[in-house]
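The analysis underlying the following values was restricted to heavy atoms, covering all of them including side chains, and did not include hydrogens, waters or symmetry mates. Note that the structure is a prediction, hence the values are computed from the model and not measured.
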Amino acid sequence: MTLDLSRRDFLKGGATAVLVSGGSLGAFYFGYEASLEKPVRVGILGTGDEGSVLIGAINPEYLQVCAIADIRPYSIHRAFHGDWYSEAALKARPGLLAVYGWKTEEEARRHVRVYGDYRELLEGEKGRIEAVIIALPLHLHAPAAIAAMKRGYHVLTEKLMAHTVGQCKAMARVAQQLRKHLATGHQRHYNILYAEAVDAIRRGLLGEIHYIRGQWHRGNLPGNDSWQPPMPEEVKPDDPLAKRLRRQLADYRQRLKTAPAKEVELWRKRVAQVEAQLADAVLKDTAEKFGYEHREIRGPDGKLLWKRPAAEELIRWRLWDRTSAGLMAELGSHQLDAASIFIAAAHGGVKQYPLRVVAAASRPIFGPDRDVESHVACVIDFPAPGYDPQDPIANQRRISVQYASINGNGFGGYGEVVFGTKGTLILEREQVKHLLVEGGGMTVAAGPAAGPVLDTQASGPQQMAVGGGPMMEVSRGYREELEHWAWCIRRNPTVKDPEIQPRCHPKVALADAVIALVTNMAARQGRPITFQKEWFDPDSDETPEGEKPDPSVFA
């Protein structure tokens with residue numbers, strides 16, 4: 001027997017009417033207004049992979065992009081024109097021209113000013129924009145967010161909130177002091193599929209939640225790693241991928257010469273995109289002045305094993321501890337955030353903080369060309385309903401969350417499984433939702449016959465959902481988080497009403513950062529770590545790194 005999990009029947013009947021009339025599904029589902037009388041004027045700091053995904057998720061009824069900033073020519077090109085390397089990439093990153101209906105880049109630049117250094121945008125757009133979206137490398141989240149708020153802007157920053165817990169707390173304090181909305185892009189807070197899963201837990205369909213398993217497995221290998229994209233030869237001539245872009249450009253130019261008429265525009269776009277990627281050669285001489293660093297690794301005998309120019313740290317920033325926080329920040333934080341949401345649902349919607357983490361990390365797949373690990377795995381205990389640390393029996397009432405992220409083998413993809421005493425809730429690649437009920441052989445599913453089907457990639461496009469009516473687009477939450485952030489800015493500009501704020505506000509985002517960063521510490525130090533409640537309090541100076549929050553260090 002198959003049952004529909006939806007509490008609102010949102011993909012049947014009512015939601016169809018909302019979408020046909022051009023309204024926002026997120027507004028219908030989460031309860032904010034379907035449009036704004038005047039879109040919020042924004043600048044975008046960082047238009048790389050994730051910045052371009054956020055551009056693609058913008059609803060012009062809520063946000064008007066007035067300026068962008070990036071020091072990579074390739075990122076500026078994609079911001080305007082989108083990513084034409086594949087159909088899936090273009091759906092995820094369609095570009096500003098497609099979002100706003102501009103015909104040419106020249107027309108778009110009459111509306112959107114272009115900057116290099118993000119600090120130039122913050123200064124140059126005073127009085128013209130109201131808010132900024134930050135999709136810079138992780139180590140720049142705190143400096144950029146604090147500088148933006150001090151200049152009067154509201155902020156939405158990509159996840160993780162910041163590079164350290166101390167930086168997160170500094171951001172939270174500035175937001176509170178200056179009464180600015182500070183949102184963090186953990187988009188599962190706005191993913192309708194996950195909201196439906198939360199409702200299933202609250203309604204008791206799973207019984208008592210006692211275990212959650214999550215994973216994100218990727219087939220990345222040396223020479224074929226999404227975190228290690230090819231660079232122009234001028235940046236690093238001896239890089240194994242150095243000649244790939246030149247070969248790709250020659251191939252695309254040849255395809256353009258022989259393309260049938262219907263494909264000519266596609267190959268023109270692809271040729272232009274590779275040319276823009278090759279234009280990143282200028283970073284050879286400019287990356288260092290923006291704070292990126294050269295690096296060498298030598299063996300015990302002093303022999304040079306590997307070296308990295310500053311431009312490589314910029315282009316491949318996810319690989320380095322100085323600029324990134326590895327798998328736990330980029331992937332694990334999403335799924336541990338989801339686990340926290342599910343555990344809160346088991347407690348009637350009350351946020352719970354973790355108790356203890358054990359973890360391990362290793363780098364068996366890759367060599368010295370990075371700091372971050374190939375694999376990370378952890379088990380984190382959260383309190384279950386009835387947990388009492390003072391009671392020798394009740395202190396064992398815990399919900400264990402097991403998580404693993406690996407490279408070198410993509411079997412199983414990514415997803416979460418929530419185990420309860422009455423059933424098991426399965427979310428696979430945000431595509432399938434099942435509730436397997438113990439003992440009765442009953443399966444509750446959301447698929448073509450019942451609810452949403454979301455087919456996605458790691459930073460994927462808006463997806464098609466099949467319900468009782470026609471095919472409809474349902475995003476992974478990016479569109480809704482941006483809409484709601486803009487709505488909060490319009491309806492509560494001085495943050496006086498605590499009921500009108502982003503779902504992933506500073507206290508929520510701080511908790512996600514604590515979990516991810518402390519798990520990294522436990523894995524690298526090879527010891528269990530007990531979480532301290534003060535780490536989750538923005539007003540406390542206590543942090544796991546021992547770094548006190550200090551907003552004054554940022555301009």
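Inter-residue side-chain proximity for Ile212 and Gln402 is flagged as unmet; no heavy-atom pair is nearer than 4.5 Å. Annotation: side chain of Val99 is in contact with side chain of Ile58 (closest heavy-atom distance under 4.5 Å). Contact annotation: the side chain of His111 never approaches that of Cys66 to less than 4.5 Å [non-hydrogen atoms, C-beta and beyond]. You'll find the side chain of Phe554 stays beyond 4.5 Å of the side chain of Val174, heavy atoms only. Considering only heavy atoms from C-beta on, Tyr62 stays 4.5 Å or farther from Leu482 through its side chain. Using a 4.5 Å heavy-atom cutoff, the side chains of Arg316 and Pro229 are in contact. Side-chain contact check for Leu510 versus Lys169: some heavy-atom pair is nearer than 4.5 Å. Two residues are said to be in side-chain contact when any heavy atoms from C-beta on lie closer than 4.5 Å; Pro506 and Met161 meet this criterion.
Glu330 meets the side-chain hydrogen bond (donor to acceptor under 3.5 Å, both in side chains) test with Lys159, Arg318; sequence neighbours excluded. Applying the ring-ring contact (aromatic ring centres under 6.0 Å, His included) rule to His81 yields the partners His77; only residues at least two apart in sequence or on another chain are considered. In terms of the side-chain hydrogen bond (donor to acceptor under 3.5 Å, both in side chains) criterion, Lys180 has no residue partners (sequence neighbours excluded). Thr164 is linked by a side-chain hydrogen bond (donor to acceptor under 3.5 Å, both in side chains) to Glu547, counting only residues two or more places apart in sequence or in another chain. For Arg41, the side-chain hydrogen bond (donor to acceptor under 3.5 Å, both in side chains) partners are Glu130, not counting sequence neighbours. Judged as a salt bridge (Lys or Arg N to Asp or Glu O under 4.0 Å), and not counting sequence neighbours, Arg356 has no contacts. With sequence neighbours left out, the side chain to side chain contact (heavy atoms under 4.5 Å, CB included) criterion links Arg491 to Glu33, Leu36, Glu37, Trp487, Ile500. With sequence neighbours excluded, the residues satisfying ring-ring contact (aromatic ring centres under 6.0 Å, His included) with Tyr100 are Trp102.
Between Glu125 and Arg128 there is a salt bridge, since at least one side-chain N of the basic residue sits less than 4.0 Å from a carboxylate O of the acidic one. Taking a cutoff of 4.0 Å between a charged side-chain nitrogen and a carboxylate oxygen, Asp337 and Arg188 do not qualify as a salt bridge. By the 4.0 Å N-to-carboxylate-O rule, Arg213 lies too far from Glu416 to be salt-bridged with it. In this structure, Arg524 pairs ionically with Asp321, as a charged nitrogen and a carboxylate oxygen lie closer than 4.0 Å. One finds no salt bridge joining Arg119 and Glu123 here, because no Lys/Arg side-chain nitrogen approaches an Asp/Glu carboxylate oxygen to under 4.0 Å.
With Arg109 contributing its side chain and Glu105 its backbone, the two residues share no donor-acceptor pair below 3.5 Å. When atom types are taken as modelled, the side chain of Glu313 and the backbone of Ala310 share no donor-acceptor pair closer than 3.5 angstrom. Distance alone, capped at 3.5 Å, is enough to place a donor-acceptor pair between the Thr323 side chain and the Trp317 backbone. At least one donor-acceptor pair closer than 3.5 Å links the side chain of Arg93 to the backbone N or O of Asp49. With hydrogens and angles ignored, the 3.5 Å screen pairs a side-chain donor or acceptor of Asn492 with a backbone N or O of Asp497. Under a 3.5 Å cut-off, the side chain of Ser405 and the backbone N or O of Trp216 do form a donor-acceptor pair. With hydrogens and angles ignored, the 3.5 Å screen pairs no side-chain donor or acceptor of Glu196 with any backbone N or O of Ile192. Here the side chain of Asp550 pairs no donor or acceptor atom with the backbone of Ala170 at under 3.5 angstrom.
The minimum heavy-atom distance between Val376 and Ala523, with the atom names listed, is CG2-CB, 4.5 Å. When all heavy atoms are compared, the tightest approach of Asp512 to Cys504 is OD2-SG, 4.3 Å.
Pairs engaging residues 130-158 under the ring pair (Phe, Tyr, Trp, His ring centres under 6.0 Å) rule: His139-Tyr292, His154-His181 [sequence neighbours left out]. Sorted by first and then second residue, the salt bridge (charged side-chain N to carboxylate O under 4.0 Å, His left out) pairs involving residues 63-72 (not counting sequence neighbours) are Arg72-Asp280. For residues 532-542, the set of pairs meeting the side-chain hydrogen bond (donor to acceptor under 3.5 Å, both in side chains) definition, not counting sequence neighbours, comprises Arg173-Asp541.
No side-chain N or O of Glu428 forms a donor-acceptor pair with one of Tyr414 less than 3.5 Å apart. There is no side-chain donor-acceptor pair under 3.5 Å between Tyr194 and Gln187. For Tyr403 and Gln215, the side-chain atoms include no donor-acceptor pair closer than 3.5 Å. When only modelled atom types and interatomic distance are considered, Tyr74 and Gln273 share a side-chain donor-acceptor pair under 3.5 Å.
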Report the C-alpha distance between Ile343 and Val401 in whole Å, list the side-chain angles of each, state the deciding distance to 0.1 Å, and finish with yes or no for side chain to side chain contact (heavy atoms under 4.5 Å, CB included). CA-CA 10 Å; Ile343 291 168; Val401 178; 3.9 Å; yes
Apply the test side chain to side chain contact (heavy atoms under 4.5 Å, CB included) to residues Leu327 and Val372: give CA-CA distance (whole Å), side-chain angles for both, the deciding distance (0.1 Å), then the verdict. CA-CA 7 Å; Leu327 292 167; Val372 302; 6.0 Å; no
Side chain to side chain contact (heavy atoms under 4.5 Å, CB included) between Trp485 and Val42: does it pass, once the steps are laid out? CA-CA 12 Å; Trp485 173 63; Val42 299; 4.2 Å; yes
Leu517 and Val514: CA distance, side-chain angles, deciding distance, side chain to side chain contact (heavy atoms under 4.5 Å, CB included) verdict: CA-CA 5 Å; Leu517 296 171; Val514 170; over 6 Å; no
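The number of heavy atoms from other shown groups lying within 6.0 Å of CD (Gln176) does not exceed 12.
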Contacts under 3.5 angstrom, residues 346-355 side chains, donor-acceptor by atom type, not counting sequence neighbours:
{"unit_1": "His347", "atom_1": "NE2", "unit_2": "Pro383", "atom_2": "O", "d": "2.8"}
{"unit_1": "Gln352", "atom_1": "NE2", "unit_2": "Val350", "atom_2": "O", "d": "3.2"}

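With rounding to the nearest 0.5 Å, the separation of OH in Tyr118 from CG in Leu45 is 8.0 Å. With rounding to the nearest 0.5 angstrom, the CD atom of Glu481 is 5.5 Å from the CG atom of Leu156. Here the CZ-CG distance, from Phe30 to Leu25, works out to 8.5 Å after rounding to the nearest 0.5 Å. Of the inter-residue distances, the one linking Glu107 atom CD with Phe80 atom CZ reads 11.5 Å to the nearest 0.5 angstrom. Taken from CG in Leu121 to NZ in Lys126, the straight-line distance is 12.0 Å, to the nearest 0.5 Å. One distance of note links CZ of Arg113 with CD1 of Ile68; it measures 13.0 Å at 0.5 Å rounding.
In summary, of the residues considered (Tyr190, Tyr32, Tyr478), a side-chain hydrogen bond (donor to acceptor under 3.5 Å, both in side chains) with Glu483 occurs for Tyr32 alone.
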